[in-house]
Every structure is written in C-alpha cells, then in structure tokens.
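Within every chain, numbering begins at 1; the chains are lettered A, B, ... in the order of the sequence lines, protein sequences first and strands thereafter.
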Protein chains: 2
Amino acid sequence: MDSKYEGYSQLFKALSDPNRLMIVDMLSCGELCACVILERFRITQPTLSHHMKNLCGCGLVTARKEGKWMFYSLNEDTVNDLKMFLKAVTTMKEDCICYDMEYKGGCCK
Amino acid sequence: MDSKYEGYSQLFKALSDPNRLMIVDMLSCGELCACVILERFRITQPTLSHHMKNLCGCGLVTARKEGKWMFYSLNEDTVNDLKMFLKAVTTMKEDCICYDMEYKGGCCK
DNA sequence: ATCATAGATAGATGATTATCTATATGATGT
DNA sequence: ACATCATATAGATAATCATCTATCTATGAT
C-alpha cells in the first residue's frame, strides 16, 4: 500500500465527521477562539477539544495560544495539498496507477 | 447541524480508508472490473465487495453489471460536487457561516 | 495566596467499521 | 441438469471512534 494513500486518508477521515467539517467551514474566513466554536455545537467542551486535537494532529488546522484562549485557523498548505490530491486521484493522468494494471490478467480478460 | 455537512461527511468517510482511496485512484482513468481491482490488494473478495458497496452507496462510484462481471467507474458528478464543496468550506466566501457568529459572544470577546 | 475560567487529559461506554470465514446468488459453459 | 466462476450477503470479531463525566493544568483577577 502506497503510504500516500495512508497519509491522505487521515485527512479525509478528519473531514468525515459532520462536526469537524462544520468547524473547518467556520474557520474558512479566519481564526476563531475555541469558545466561539463551542457555542455553535451541542457537544461538550472535552468533545470539542478532542475534535480540535484531531484537526490539528492531521495538519488541517493550526492552534495558537493567547493567554487562556486557544485560537484555531486553517492550515492553507495542508488544505491545498488535499485539494490537489483529490483532483489527482479523480482525474485521468499520465502517470496513473491504472497503467500498471494493464494486461495484468483479471478474470474478465 | 446543517444536513449538507452530514451528507458530504459521508463522502469524505468513503475516502478515509486507504484501500478505498486507492480504488478511486485506480478508477480515475476509466472503469475497471472488480477482479482486476482485487488483484492489487491483500484483502479478500468479500472485503472488496464491502468497500465497493460503500463507494457506490455514497454515490462516488457507479456499478455496471456485464454477465458475471461487475465494472466500476467514478461518478464524475459526485466527484465534482465534492471538489466544489471542499473548495467552498476551505475558502473565504461572502455567505460564510462565520458571519453568523460575529458578536455572538464567546468568552474571549 | 486564592479563586475563577479556558482548555486539555483520563477513563469509560456505546456505536461504527474493516476484516475475516462460510454461504448464497446468479451467470456461463458443458 | 450440473459444475464452475464472479460477486454479494450473513454473521462474527477486533479495532477505532464520538461522546460523556470527572479531573487536571495553566492563566488571569481579586
């Protein structure tokens, strides 16, 4: 298994929770304090903390501490990597993995 | 919770497994028979069937039966919807969800 | 120093999921 | 009709995950 699939699947997993997906949307215009994010959800503070740890852990979100507050923002580099990867794996391309498979057999040949 | 997050989170969940992600990549140049896909993985046939059911169920992949073979291909419409959604939730936009939150309070104000 | 507040961590729990083996279904060829 | 092959389904299991309550840490205010 190519490790790039392992890596990017982690990013998609981070986006596979509706709460985290909405958090990403909320961060798309700039950084927000954890307390502001929390107000918009029906989840407890530890659950939000868990989700933010997930989003930061995979690199999608960056955390900044200011006093007793935590401010979160999107990591544009990771976001762009993900967009390019999604485009790559869904678009015909010259170095496509499918070329390796031609004439490899398969029952339907 | 806006149901669009629920819906698209299902698509991201489908891509959150490295095997399924690689399957999508394999399908990016055109349709493939299940047997050809199976050869590239160290998983059993029922496990592949489970993954294909997942990919088809969320709309990312379309199945076509021909005799005793199943051919799978990417559903470009769903793929494009997903790309546009990912762009939308990670880009500053006029109707951003974050505007609803201004002056809504939060401990850090 | 003490207290209040914001957020993180620990630990438990129920739900979901990826995988397997065994079996069923459905199509093709003899 | 029967055997074979490709795929799907059923059921079991171990792992992962979202969530909660309880508690800890760190910061700022009195």
Whole angstrom is fine here: how far is it from CE in Met70(B) over to C1' in dG26(C)? 12 Å
Ranking dA6(C), dA18(D), dC20(D) by distance to the side chain of Thr47(A), first place goes to dC20(D)
Quickly work out the Asn19(B) CG to dT17(C) C1' distance and round it to whole Å. 13 Å
Verify same cluster id: Phe41(B), Leu15(B) (apolar side-chain graph, 4.5 Å): yes
Answer yes if the side chains of Asp25(A) and Tyr5(B) hold a donor-acceptor pair under 3.5 Å, and no otherwise. yes
Here the distance between atom C1' of dT19(D) and atom CE of Met52(A), to the nearest Å, is 17 Å
Residue Cys35(A), side-chain atoms from C-beta onward, closest of dT9(D), dT19(D), dG7(C): dG7(C)
Check whether any side-chain heavy atom of Tyr8(B) lies under 4.5 Å from a side-chain heavy atom of Asp81(B), and answer yes or no. yes
Starting at atom CH2 of Trp69(A), determine the distance to atom P of dA29(D), rounded to an integer number of angstrom. 8 Å
Measuring to OP1 and OP2 of dT7(D), would you say a side-chain N or O of Ser49(B) lies under 4.0 angstrom away? no
Output all residues satisfying salt bridge (charged side-chain N to carboxylate O under 4.0 Å, His left out) with Asp17(B), sequence neighbours left out; order by chain, then residue number. none
Look at the side-chain N and O atoms of Lys13(B) and state whether any lies under 4.0 Å from the OP1 or OP2 oxygen of dT17(C). yes
note: Asp17(A), atom CG; dA18(D), atom P; distance rounded to Å ~ 5 Å
Just compare dT19(C), dA22(D), dA6(D) and give me whichever is closest to any side-chain atom of His50(B). dT19(C)
Ser9(B) side-chain N/O to Glu6(B) backbone N/O, donor-acceptor pair under 3.5 Å: yes
Here the distance between atom P of dA6(C) and atom NZ of Lys68(A), to the nearest Å, is 6 Å
His51(A) vs dT19(D): side-chain N/O to OP1/OP2 distance below 4.0 Å: yes
Mapping Asn54(B) and Lys53(A) onto DNA chain C by nearest heavy atom, which one lands closer to the 5' end? Lys53(A)
Side-chain donor/acceptor of Gln45(B) to base of dA8(D), under 3.5 Å: yes
Do the side-chain N or O atoms of Arg42(B) get closer than 4.0 angstrom to the phosphate oxygens (OP1, OP2) of dT19(C)? no
Which of the following nucleotides, dA8(D), dT28(C), dG7(C), is nearest to the side chain of Ala34(A)? dG7(C)
Check every atom of dC20(D), dA8(C), dA18(D) against the side chain of Ile43(A) and return the nucleotide holding the closest atom. dC20(D)
Within this structure, what is the CD-to-C1' distance between Gln10(A) and dT16(D), rounded to whole angstrom? 11 Å
Quick check for you: among dA22(D), dT19(D), dA22(C), whose closest atom lies nearest to any side-chain atom of Pro46(B)? dA22(C)
Please work out if Tyr72(B) contacts a base, only the sugar-phosphate, or nothing of the nucleic acid, heavy-atom cut-off 4.0 Å. sugar-phosphate
What's the NZ-C1' distance between Lys65(B) and dA27(C), to the nearest Å? 7 Å
Would a single hydrophobic cluster contain both Val36(B) and Trp69(B), if residues Ile, Leu, Val, Met, Phe, Trp and Tyr are joined by side-chain heavy-atom contacts under 4.5 Å? no
Phosphate-side-chain proximity, Thr44(A) and dT19(D), N/O vs OP1/OP2 below 4.0 Å: no
